[in-house]
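What follows is one structure encoded as structure tokens, with my remarks underneath.
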Amino acid sequence: MALTKKYKCMNIGGCKNANEKKVFEIPVGEELVCPVCGKKMLVEVKSIPWVKYVCIAGAVAVLGIGVAVLISRLSDKPTPPPPGGGVDTVTVDTLIQTTPGEVPEDTTVEVIPEEPGETEVEVQTPPDPEARVVIDLGYGTYTGKVKDGKPHDPNGTIVYKKAHQIESRDVHGRVAQPGDRVTGNFENGHLINGTWHKSDGNQEQLMIGG
């Protein structure tokens with residue numbers, strides 16, 4: 001059986017696996033890409049499935065040895081001979097009663113802290129700078145490459161869901177309307193130049209500058 005590792009896709013908004021936080025396996029040695037969206041935006045999911053069971057078994061074994069030693073000592077206690085006079089006497093050994101979980105003083109038990117159960121460890125790895133992602137900007141949806149979480153792509157696209165100024169540095173203050181689309185060169189979250197595709201079919205060239 002091939003050795004596999006578990007992964008999660010981080011392409012939120014652009015992949016069903018990422019949106020549903022699904023964990024999937026990829027054989028060791030194969031390319032680390034999401035089987036749904038094909039992106040390399042993956043994080044490995046690690047777990048510790050057996051450590052706590054070993055610790056619990058060890059603690060139980062040590063406690064069992066202590067109880068066995070106590071019983072052995074009680075059974076080896078000599079019974080005094082009956083006194084003379086023809087009267088039989090019965091010696092009743094005193095029972096040592098302990099509350100549940102109590103350990104006799106002469107028994108040493110090493111208490112091993114319980115290890116946490118299966119834990120998902122998300123390793124924060126930077127996304128592939130060449131990967132094209134989909135980001136909901138609130139006023140519209142951006143598709144393209146990103147840098148530091150901002151649009152950064154010579155061929156990026158924004159489709160507007162509500163009226164919004166295309167670029168805050170635009171001296172003309174041009175505002176896109178719902179259904180409009182802007183394609184062009186984005187750098188560090190700002191549009192440098194591109195084309196404004198209006199919902200009525202008209203187009204306008206945009207030259208903002210760096």
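- Between the NZ atom of Lys22 and the SG atom of Cys34 there is a distance of 10.5 Å, given to the nearest 0.5 Å.
- Residues Val28 and Thr4 are not in side-chain contact: their nearest non-hydrogen atoms beyond the backbone lie 4.5 Å or more apart.
- Counting only residues at least two apart or on different chains, the ring-ring contact (aromatic ring centres under 6.0 Å, His included) pairs with a member in residues 168-197 are Tyr142-Phe186.
- The closest side-chain heavy-atom distance from Tyr7 to Val45 is not below 4.5 Å.
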- Query: Are Val182 and Thr195 close enough, and set up right, to give a side chain to side chain contact (heavy atoms under 4.5 Å, CB included), and what steps lead you there?
  - Reply: CA-CA 6 Å; Val182 170; Thr195 303; over 6 Å; no

- Evaluate the criterion side chain to side chain contact (heavy atoms under 4.5 Å, CB included) for residue pair Val146 and His152; output intermediate values, then yes/no. CA-CA 5 Å; Val146 296; His152 191 83; 5.7 Å; no

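- To the nearest 0.5 Å, the span separating CD1 on Ile12 from CG on Asn17 amounts to 10.0 Å.
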- Give the C-alpha distance, both sets of side-chain angles, the deciding distance and a yes or no for side chain to side chain contact (heavy atoms under 4.5 Å, CB included) between Leu42 and Ile26. CA-CA 11 Å; Leu42 305 182; Ile26 298 178; 3.9 Å; yes

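- Considering only heavy atoms from C-beta on, Val133 comes within 4.5 Å of Asn11 through its side chain.
- Taken to the nearest 0.5 Å, the CD1 atom of Ile158 stands 5.5 Å off from the CG atom of Leu137.
- Between Pro178 and Ser199, every side-chain heavy-atom pair lies at or beyond the 4.5 Å cut-off.
- Looking only at side-chain heavy atoms (C-beta outward), Leu3 and Pro27 stay at 4.5 Å or farther from each other.
- Of the possible donor and acceptor atoms, one in the side chain of Glu167 sits under 3.5 Å from a partner among the backbone N and O of Arg169.
- Residues passing the side chain to side chain donor-acceptor pair (under 3.5 Å) test with Asn19: none are found, sequence neighbours excluded.
- Between Ala18 and Met10, the closest heavy-atom pair is CB-C, 4.2 Å.
- Not a single side chain to side chain donor-acceptor pair (under 3.5 Å) links Gln165 to another residue, sequence neighbours left out.
- A continuous path of Ile, Leu, Val, Met, Phe, Trp and Tyr side chains, each step under 4.5 Å between heavy atoms, connects Ile135 with Met41, placing both in one hydrophobic cluster.
- Applying the ring-ring contact (aromatic ring centres under 6.0 Å, His included) definition to pairs two or more places apart or across chains, none involves residues 16-38.
- Residues Ile192 and Ile208 fail the side-chain proximity criterion, which asks for heavy atoms closer than 4.5 Å.
- With sequence neighbours excluded, the residues forming a ring-ring contact (aromatic ring centres under 6.0 Å, His included) with Tyr160 are Tyr139, listed by chain and number.
- Residues Lys161 and Asp136 are paired through a salt bridge, judged by an N-O separation under 4.0 Å between the basic side chain and the carboxylate.
- To the nearest 0.5 Å, atoms CD (Gln177) and CG (Asp200) are separated by 10.5 Å.
- A search for side chain to side chain donor-acceptor pair (under 3.5 Å) contacts involving Glu30 returns nothing, not counting sequence neighbours.
- Ion pair Glu204/Lys198 flagged as a salt bridge, since at least one NZ, NE, NH1 or NH2 atom sits closer than 4.0 Å to an Asp/Glu carboxylate oxygen.
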- Task: Could you go through the side chain to side chain contact (heavy atoms under 4.5 Å, CB included) check for Leu191 and Leu206 one step at a time?
- Result: CA-CA 9 Å; Leu191 176 67; Leu206 302 171; 3.7 Å; yes

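- More than 12 heavy atoms of other residues, nucleotides or ligands sit less than 6.0 Å from atom CG of Asn202.
- With rounding to the nearest 0.5 Å, the separation of CG in Asn155 from CG in Asn185 is 8.0 Å.
- Taking CD of Glu187 as the start and CG of Asn193 as the end, the distance is 8.5 Å to the nearest 0.5 Å.
- In summary, Lys40 and Glu130 do not engage in a salt bridge, as defined by a charged side-chain N under 4.0 Å from a carboxylate O.
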